[in-house]
Amino acid sequence: MKFTAKQIAAFIQGEIVGNENAEVYTFAKIEEGTPGALSFLSNPKYTEYIYTTQSSIVLVNKDFEPQSEISATLIKVDNAYESLAKLMMLYESMKPKKQGISSLASIAASAKIGENVYIAPFVVVGENCEIGDGCMLHDGVSVGDGAKIGEGTVLNAHVTVYHDCHVGKNCILHSGCVIGADGFGFAPTPNGYEKIPQIGIVKIEDNVEIGANTCIDRATMGATIVHSGVKLDNLVQIAHNDEIGSHTAMAAQVGVAGTTKIGEWCIFGGQAGISGHSSIGDRTTVGPQCGTIGSLKSGVTVLGSPAIDAKEYIKISAYSKKLPTMEKTIKQLKKEIEELKAELNKK
């Protein structure tokens, strides 16, 4: 598929600087551009590459003013990164989609399968499952008895959705993620730990994306809930009875302990750890490797472990670099004070 600068500019409402008939058929980073590629510039750190890139078209912000000659055709837009995302989504949507049910798939007779679905070899769909229209279940997917998958959802290779769990519409679950395994519930006894049955489910709403090898545990009772628009990176752990608010994003290796409620539009950096039985307010930012203890109010930004206000953490970090020098100064002051005391005691 080829597109001209004129077609692209019309789609993203951009202004062309250069050849409106320049054609592209692929994407490339600006520093690795080749003829026929479309690139973008939004981070000033990469400005130098716009003068040497071989890409045919480059998206730039409207306030960009070149300092020397540029061979590529420019398309000026309000936000180059957002415009690139729109173009990539358009490109992805135009790719042909697989359809059909493999004879090597195992589908229970009681399962309800929608129209225009793709079910690959070695997929297992259990009793009384519902698979919505336009779903794609890739190699080795397992959907347990009574589970429901909403229309347009993609389950990539080796995704497991346990029995009775619900996945909404237009979700993307990446390879190896597990929805609905038992929550970590054990009662200590004199003879060891006794398992507490986990009889709840997982409910994932619409437009959620879940990364590879991420696990969302079923509730002890009731439901573990992931609301609409949530984005989870690879290797994230969501424990039993958690509730994740709409449009919250978590980077890789975040862990959320059980019975925690997280608000809408929150951001969690990689390896952040969230304590159980707590509440995190809307639009809260938790930094990477941050460890929260207890609840957090809406709109705060925290860093460190245990988590504290980001500004305080930065001050403490600045002081910590000076600790070796401060220790010498304190020892010297202590010595001088002792000497002064000795002099005063002589009088």
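What you see is a predicted model, and the numbers here were worked out from it, not measured in a lab. Side-chain atoms are counted along with the backbone in the values below, which use heavy atoms only and exclude waters and symmetry mates.
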Measure the shortest side-chain to side-chain distance between [X] and [Y] over non-hydrogen atoms and say whether it is less than 4.5 angstrom.
X	Y	value
Tyr162	Val202	no
Tyr49	Lys29	no
Val256	Met250	yes
Val159	Leu137	no
Ile172	Ile210	no
Lys6	Ile8	no
Asp309	Val300	no
Trp265	Asp282	no

Answer yes or no: are there more than 12 heavy-atom neighbours, outside Glu115 itself, under 6.0 Å from its atom CD?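 No - once you tally the heavy atoms of other residues, nucleotides and ligands closer than 6.0 Å, there are 12 at most.
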Atom OH of Tyr51: over 12 foreign heavy atoms under 6.0 Å: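 Atom OH in Tyr51 is packed in, count exceeds 12.
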Grab the two heavy atoms, one from Ala120 and one from Ala105, that are nearest each other, plus how far apart they are. O-CB, 3.6 Å
Tell me whether Asp78 is salt-bridged to Lys62, with the criterion being a basic N under 4.0 Å from an acidic carboxylate O.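 Looking at Lys62 together with Asp78, the answer is yes, because their closest N to O distance falls below 4.0 Å.
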Hey, is Glu327 close enough to Lys331 for a salt bridge, meaning N to O under 4.0 Å?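 Answer for the salt bridge query: yes.
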Would you check if there is a donor-acceptor pair between the side chains of [Y] and [X] at a distance under 3.5 Å?
X	Y	value
Glu23	Thr4	no
Ser55	Ser39	yes
Asp233	Gln253	no

Check: Tyr25 ring centroid to Phe3 ring centroid under 6.0 Å: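 Here the rings of Phe3 and Tyr25 have centres that are no less than 6.0 Å from each other.
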Compute the ring centroids of Phe184 and Phe186, then answer whether they are less than 6.0 Å apart. yes
Considering the options Gln198, Lys195, Arg218, which one meets the side-chain hydrogen bond (donor to acceptor under 3.5 Å, both in side chains) requirement together with Asp182? Lys195
Among Glu130, Glu205, Lys148, exactly one meets side chain to side chain contact (heavy atoms under 4.5 Å, CB included) together with His166. Which residue is that?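 That would be Lys148; it is the only one of Glu130, Glu205, Lys148 passing the side chain to side chain contact (heavy atoms under 4.5 Å, CB included) with His166.
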In sequence, state the C-alpha distance, the side-chain angles, and the governing distance for Glu339 and Lys334, and then conclude on salt bridge (charged side-chain N to carboxylate O under 4.0 Å, His left out). CA-CA 9 Å; Glu339 289 173 353; Lys334 185 177 179 181; over 6 Å; no
